[in-house]
4 protein chains.
Amino acid sequence: MARKREGDKRRRILAAATKVFAKKGYFAAKVSEIARKAGVADGTIYLYFRSKEDILVSLFDEVMSEHVERAREELGAVEGAAARLQAIASHHLRVLGSDRDLAVVFQVELRQSTKFMERFSSTWLRSYFDLVGEVVEQGQREGVLRTEVPIKLATKAFFGILDEMVTSWVIAGRETDLTLLAGPLCDLFLRGAAHPDAAASRARPALQPVAAARGGR
Amino acid sequence: MARKREGDKRRRILAAATKVFAKKGYFAAKVSEIARKAGVADGTIYLYFRSKEDILVSLFDEVMSEHVERAREELGAVEGAAARLQAIASHHLRVLGSDRDLAVVFQVELRQSTKFMERFSSTWLRSYFDLVGEVVEQGQREGVLRTEVPIKLATKAFFGILDEMVTSWVIAGRETDLTLLAGPLCDLFLRGAAHPDAAASRARPALQPVAAARGGR
Amino acid sequence: MARKREGDKRRRILAAATKVFAKKGYFAAKVSEIARKAGVADGTIYLYFRSKEDILVSLFDEVMSEHVERAREELGAVEGAAARLQAIASHHLRVLGSDRDLAVVFQVELRQSTKFMERFSSTWLRSYFDLVGEVVEQGQREGVLRTEVPIKLATKAFFGILDEMVTSWVIAGRETDLTLLAGPLCDLFLRGAAHPDAAASRARPALQPVAAARGGR
Amino acid sequence: MARKREGDKRRRILAAATKVFAKKGYFAAKVSEIARKAGVADGTIYLYFRSKEDILVSLFDEVMSEHVERAREELGAVEGAAARLQAIASHHLRVLGSDRDLAVVFQVELRQSTKFMERFSSTWLRSYFDLVGEVVEQGQREGVLRTEVPIKLATKAFFGILDEMVTSWVIAGRETDLTLLAGPLCDLFLRGAAHPDAAASRARPALQPVAAARGGR
DNA sequence: GATGAATGAGCGTTCATTCAT
DNA sequence: GATGAATGAACGCTCATTCAT
């Protein structure tokens, strides 16, 4: 490992960890391998991180804080609920689709345990859900989105669709362009799968906006 | 350790493993704890399973083979794409919503490594996707579903929504009834989030049914 | 394993154990494999032997008691120390040379530990040494063997030569006829390696029949 | 645990292993006991050795490479086959006779499996046999040793005698001086057990220098 | 006697973490 | 700050032995 400029050790460790976690999985990843790949001594890792787990958590915190922030910025220039949802989707797919190792860590390794999941859910996922939720709510206020659809439900569904696209892409391992999915995906989310004229699509209206559908996570 | 009935040792081990995996996570789960909870000796586990990993894989294989089969049976009595999708959703939410420990194992533990994910994706998830895909395709042929939506995309989206609902429910830990979400969720999937009259919902039609959208997983 | 006549279970177990010990080594040999090869249930072994170790010890005791006895019988018909030593060597090489598995067990597995070695040395090896020692002593009394050679030393040397021939044969794994060595081996033992006329062979007479040379083992 | 000098950890582990292997036997020896006796942590062992087996093999390789080399050196100053054989015997008995634990490991533990035996036979034992064989061959060329005795047979016999002396000494456990046996042992090997005048010693000449007697090991 | 399912003690090895240099 | 040798707790798995049938 070439000695890069000084002081970027922390970044180098995180970069190395992303690769190792992606290749081996969190538990099978050895701290000494991360150290080797980062070009530092084993002990040095502990000058920057409290523990192996802290590396994973930091990885996630730092990537997320940057990207949720950037997503908000990008939204600033966009008008209308539909376009804004599409912007969020594009951003989501672009960030993860441009770094497979990072995507593996986010789609697979971070879901190791309920502990990580809970931490994940209560921090950045909450703020991401808030972001989407605000767009949905605004869309409903503006009359662009149907008010019968519970906001929480719509938010989770939107995230669920995005998440599944990324996971499929990670597992398939093929070199396709994830961002191309943003358009079709938003179209489906907004207009639905049903043909508008079909009686079927009205057969079963959402009678009860159920409690569970409002449950935060 | 009380000697219970007979021959149900295997079942008892799987039940105990489900609880322990759910509480501790796969890696932190100790084989001896599973044995203790199942009321058998440590070594007995290895009369029924090849390894700790084999317990997890068997858990998943057995639950799945039973439930995919049952889902197909339930579909037999249902007519129309919309109703059939709703039946699938109900079944999915009912199975996982009725056993939180099992849901934790499926939503969290089985996803802890690309190895499990790949196995998971190439077996039962594939057959589940086939099931949903057939319903969507049939719906399109019958003119009930829009043909502009790529089948693979619709399938993954439908699964992604369901999956996220279950994961949210698992993480939130609240005692809500998951099955109540089947109706609203299908309504959203079929009719979309957008108000049908809104120009917005037509603003960005799915121009290109992209290659990626067809990628299997 | 075909069910042979009844009651020979013990013999079948010993025969199976010989094969398994020879192939895997004592520690790596599994009792269940011996049972399978003997055509009995695992538990049955414990009706005939106290423990796995007891199988090895019994193997050795029974084979030995039979063969030391038979060696004595064969000696009955032989006159003269030289011929008797040759008879012993022939018998030794014939017994072990005719059953490679048995030879492996005797040359290798029985030397597992000082515990086995001590047991081995204090029982049949002692009686075997006694047998050889008597022949040597008699030979000295009759003036056929040199009295300067301590009896214990000659006895051990004779055994050491035989033992090394068998071990070499076991390790080499080649299909040679061990018994052919009896003649040359006795010739060497009796007449020595040196040319009788060479001064060298007299250069260093055994001045002190040392204490250690008399040590029993 | 007292931190002794430095870098001698490897040596300390080997020394501790020799003692533990000698007392308990290889299989019964616990790595943690070796560690305790060596004054290091369990894990430290694995910084110096790949496995428990590697400790035993290293023990043997290192002791041997040193002593075979030293034996060759000592031979440099000695003239004549008889004296050279005696030098080899003295060296052999001195090395093993000066460290009972080491002798136990060499005479007993290293022979516990065909695997070890084969390794043992194909490496240092081969070079040791070569050493003895050269001396014998030279002796025959010089007319000091009888050419009727096959070289391989003489070599194995010489080793067999030495080996049996050491094994007897190890098992007997008495505090005798092994090296005192070198003289009498060589006398017996060279001049034979028979009285030179006795007809007996010529009764059975080595008619056929048999194939088996030439088999390498 | 015979069975073989069940037992559970036992251990080699790994690897995250520490700390003297 | 940086190092990397040393630590030692932790655990999956095996297999000789038992005993209810």
Side-chain angles (χ1 to χ4, degrees), chain A residues 3 6-7 9-10 26-36 38-55, chain B residues 1 3 6-7 9-10 13 26-36 38-55, chain C residues 3 6-7 9-10 13 26-36 38-55, chain D residues 1 3 6-7 9-10 13 27-36 38-55:
Chain A
R3 256 338 105 83
E6 241 320 319
K9 283 216 174 72
R10 187 187 166 89
Y26 175 75
F27 278 95
K30 289 178 233 164
V31 171
S32 61
E33 190 180 348
I34 296 174
R36 185 159 36 77
V40 301
D42 290 19
T44 305
I45 298 235
Y46 291 85
L47 295 175
Y48 295 94
F49 301 94
R50 252 189 316 286
S51 65
K52 182 183 171 184
E53 183 179 319
D54 188 41
I55 302 176
Chain B
M1 283 296 124
R3 213 51 52 86
E6 221 323 303
K9 284 217 173 68
R10 188 190 166 88
I13 293 169
Y26 175 74
F27 278 96
K30 282 176 266 173
V31 171
S32 59
E33 189 178 349
I34 296 174
R36 185 157 34 76
V40 300
D42 289 21
T44 304
I45 300 234
Y46 293 87
L47 294 177
Y48 295 93
F49 302 94
R50 256 187 312 285
S51 64
K52 182 182 170 185
E53 181 179 323
D54 188 41
I55 303 177
Chain C
R3 247 354 97 80
E6 242 319 319
K9 283 213 173 78
R10 187 188 168 89
I13 292 169
Y26 175 75
F27 278 95
K30 290 177 230 162
V31 171
S32 60
E33 190 180 347
I34 296 174
R36 184 159 35 76
V40 299
D42 290 21
T44 304
I45 298 232
Y46 292 84
L47 295 175
Y48 295 94
F49 301 94
R50 253 189 315 286
S51 65
K52 181 183 172 183
E53 183 179 321
D54 188 39
I55 302 176
Chain D
M1 282 299 120
R3 215 46 59 85
E6 221 321 303
K9 284 216 173 68
R10 188 189 166 88
I13 293 168
F27 279 96
K30 282 177 268 175
V31 171
S32 59
E33 189 179 349
I34 296 174
R36 184 159 33 78
V40 302
D42 289 19
T44 304
I45 300 234
Y46 292 86
L47 294 177
Y48 296 93
F49 302 93
R50 258 187 313 286
S51 63
K52 182 183 170 185
E53 181 178 324
D54 188 41
I55 303 176

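Chain naming here is simple, since letters A, B, ... match the order of the sequence lines and numbering starts at 1 in each. Below, each value reflects all heavy atoms present in this structure, side chains not excepted, and no hydrogens, waters or symmetry copies.
With a 3.5 Å ceiling on both atom-pair distances, the Watson-Crick or G-U wobble partner of E:dT21 is F:dA2.
The nearest heavy atom of DNA chain F to D:L47 and to C:S32 marks one nucleotide each, and the one closer to the 5' end goes with D:L47. Of the two residues contacting DNA chain E, namely A:V31 and D:K30, the nearest-nucleotide position lying further toward the 5' end is that of D:K30. Comparing B:E53 and D:D42 against DNA chain F, the residue whose closest nucleotide sits nearer the 5' end is D:D42.
Straight-line distance from the NZ atom of B:K52 to the P atom of F:dC11: 8 Å, rounded to whole Å. Between B:D54 atom CG and F:dC13 atom C1' the separation is 14 Å, expressed in whole Å. We find that CZ of D:R10 is positioned 16 Å from C1' of F:dA5, with the value rounded to whole Å. For the pair B:R36 CZ and F:dC11 C1', the computed distance is 14 Å after rounding to whole Å. In this entry the distance linking CD1 of B:I45 with C1' of E:dG8 reads 12 Å, nearest Å. Distance OH (C:Y26) to P (F:dC15): 13 Å, rounded to an integer number of Å. One can place CD1 of C:I13 at 12 Å from C1' of E:dG1, the figure rounded to the nearest angstrom. Here E:dT13 presents its C1' atom at 12 Å from CD1 of D:I55, a figure rounded to the nearest Å.
Residue A:A29 is in sugar-phosphate contact alone, with no base atom involved, counting any heavy-atom pair closer than 4.0 Å across all strands shown.
One N or O on the side chain of C:K52 and one on the backbone of C:F27 form a donor-acceptor pair closer than 3.5 Å. Within the 3.5 Å criterion, the main-chain N or O of B:E53 finds a donor-acceptor partner in the side chain of B:Y26.
Side-chain nitrogen and oxygen atoms of D:Y48 include at least one within less than 4.0 Å of the OP1 or OP2 phosphate oxygen of F:dA6. Phosphate proximity of E:dT3 to C:T44: present, with a side-chain N or O under 4.0 Å from OP1 or OP2. Proximity of B:Y46 to the phosphate of F:dC15: no side-chain N or O atom is located under 4.0 Å from OP1 or OP2. Close to E:dA5, at under 4.0 Å from its OP1 or OP2, lies no side-chain N or O of B:K9.
In this structure, CD1 on C:I55 lies 11.5 Å from CZ on C:R50, to the nearest 0.5 angstrom. To the nearest 0.5 Å, atoms OG1 (B:T44) and CD1 (B:I13) are separated by 7.0 Å.
C:Y46 has its side chain within reach of C:V31: a pair of non-hydrogen atoms, C-beta onward, lies under 4.5 Å apart.
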